[in-house]
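Note sheet for the following structure.
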Amino acid sequence: MAKDSIHTAVKNALEKDGWLITNDPFYIESGGIEIEIDLAAEKFIVAEKGLSKILVEIKSLKRRSLLYDFHAAIGQYIDYRGVLSDEQIERQIFLAIPDNVYRLMMLKPFYQKRLKENQVNLIIIDTLIETVVQWIK
């Protein structure tokens, strides 16, 4: 599957933030199909006294329309979260999006409500300087 246009920027931002990329992509077989999540990463976090393992789905949300891309990204995120539960894979999943798109989304209550009610974990990325701006759980 083709990588999103911001894939490299997200990967670099996570590495700058101290994450070790362990899979690019991460494959899971579940329910008779193979699923491909963009990145798997891990990091030793002192405050949590252990290794934190995450999966990251990357979306620029800049293809057709923000609403169309948002629907697709949220549906994919929910499916992936369900597969992690089905397969008892203990990793948190995050949706990585550009900071400029996130700021635009936060102007509209619709996006705020859908993200909250679907409990979407976000990583906000400045794709120009390839850094993590914010983690939202």
Side-chain angles (χ1 to χ4, degrees):
M1 188 173 271
K3 293 181 179 181
D4 196 282
S5 62
I6 64 167
H7 185 95
T8 300
V10 171
K11 183 176 178 180
N12 291 342
L14 288 170
E15 289 175 336
K16 283 182 186 177
D17 200 45
W19 290 89
L20 172 66
I21 305 300
T22 58
N23 300 82
D24 179 7
F26 182 86
Y27 294 100
I28 306 170
E29 191 169 315
S30 181
I33 62 169
E34 186 172 81
I35 293 170
E36 182 179 304
I37 300 175
D38 292 322
L39 296 173
E42 56 187 44
K43 178 180 185 180
F44 187 79
I45 301 178
V46 176
E48 295 177 15
K49 298 181 182 174
L51 194 62
S52 183
K53 295 182 177 185
I54 62 171
L55 294 171
V56 181
E57 185 59 26
I58 301 167
K59 297 294 180 200
S60 61
L61 302 175
K62 294 181 181 179
R63 290 193 180 113
R64 291 186 180 192
S65 74
L66 180 55
L67 183 60
Y68 179 89
D69 291 343
F70 180 80
H71 286 310
I74 296 303
Q76 193 174 8
Y77 178 91
I78 291 168
D79 285 345
Y80 290 175
R81 187 175 57 203
V83 166
L84 294 176
S85 176
D86 293 347
E87 300 303 320
Q88 299 178 343
I89 297 172
E90 294 186 20
R91 288 182 182 253
Q92 279 193 301
I93 188 162
F94 287 84
L95 179 63
I97 61 173
D99 61 336
N100 60 328
V101 173
Y102 176 73
R103 286 191 307 272
L104 182 64
M105 287 170 44
M106 290 304 99
L107 297 174
K108 308 284 185 184
F110 171 85
Y111 296 110
Q112 295 173 33
K113 289 178 183 178
R114 300 299 80 80
L115 289 169
K116 185 176 180 177
E117 73 189 8
N118 288 294
Q119 301 172 0
V120 178
N121 296 324
L122 295 172
I123 306 172
I124 311 306
I125 304 291
D126 182 326
T127 57
L128 296 177
I129 58 173
E130 298 182 343
T131 57
V132 174
V133 174
Q134 187 176 6
W135 292 84
I136 302 170
K137 290 184 181 184

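On a predicted model such as this, the values are computed, not experimentally measured, just so you know.
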Nearest heavy-atom approach of Ile21 to Glu15 is CG1-OE2, 3.7 Å
- Item | Asp17 (side chain) donor-acceptor with Trp19 (main chain) under 3.5 angstrom | no
Original post:
Side-chain contact, heavy-atom cut-off 4.5 Å: Leu14 with Lys11?
Top reply: no
In this structure, are over 12 heavy atoms from other groups packed under 6.0 Å from Glu90 atom CD? no
| query | Do Lys3 and Asp24 have side chains that get closer than 4.5 Å, going by heavy atoms? | reply | yes
Checklist entry - Do Ile78 and Leu55 share a hydrophobic cluster, counting only Ile, Leu, Val, Met, Phe, Trp and Tyr and linking them when any side-chain heavy atoms are less than 4.5 Å apart? => result yes
Q: Validate the cation-pi geometry between Arg81 and Tyr77: distance from NZ or CZ to the six-membered ring centre under 6.0 Å, angle to the ring axis within 45°.
A: no
Interatomic distance, CG@Asn100 vs CD1@Ile124, rounded to 0.5 Å, equals 10.5 Å
Taken to the nearest 0.5 Å, the spacing of Asp38 CG from Asp4 CG works out to 7.0 Å
TODO: Mind running side chain to side chain contact (heavy atoms under 4.5 Å, CB included) on Lys108 and Leu66 for me, showing each step along the way?
DONE: CA-CA 11 Å; Lys108 308 284 185 184; Leu66 180 55; over 6 Å; no
message: Any non-hydrogen side-chain atom of Leu122 less than 4.5 Å from a side-chain atom of Gln134?
response: no
- Query: Under a 4.5 Å cut-off applied to non-hydrogen side-chain atoms, are Ile74 and Arg114 in contact?
  - Reply: no
Beyond-backbone contact of Leu95 with Lys59, side-chain heavy atoms, under 4.5 angstrom:
yes
TODO: Consider only side-chain heavy atoms of I, L, V, M, F, W and Y, link residues closer than 4.5 Å, and tell whether Leu128 and Val132 are in one cluster.
DONE: no
The reported gap from CD1 in Ile129 to CG in Asn12 (rounded to nearest 0.5 angstrom) is 12.5 Å
So ring-ring contact (aromatic ring centres under 6.0 Å, His included) across residues 51-76, not counting sequence neighbours, yields Phe70-Tyr111
Evaluate the criterion side chain to side chain contact (heavy atoms under 4.5 Å, CB included) for residue pair Lys62 and Ile6; output intermediate values, then yes/no.
-> CA-CA 10 Å; Lys62 294 181 181 179; Ile6 64 167; 5.7 Å; no
task: Please tell me if the side chains of Ile97 and Met105 come closer than 4.5 Å, counting only heavy atoms from C-beta onward.
output: yes
Applying the 4.5 Å side-chain criterion to the ILVMFWY set and letting contacts propagate, would Phe110 and Tyr102 be lumped into a single cluster?
-> yes
Taking every heavy atom of Asp126 against every heavy atom of Asp99, the minimum-distance pair comes out as CA-OD1, 3.7 Å
*Any donor-acceptor pair under 3.5 Å from Gln112 side chain to Met106 backbone*: yes
So, the side chain of Asn23 versus the backbone of Ala40: is there a donor-acceptor pair under 3.5 Å, distance only? no
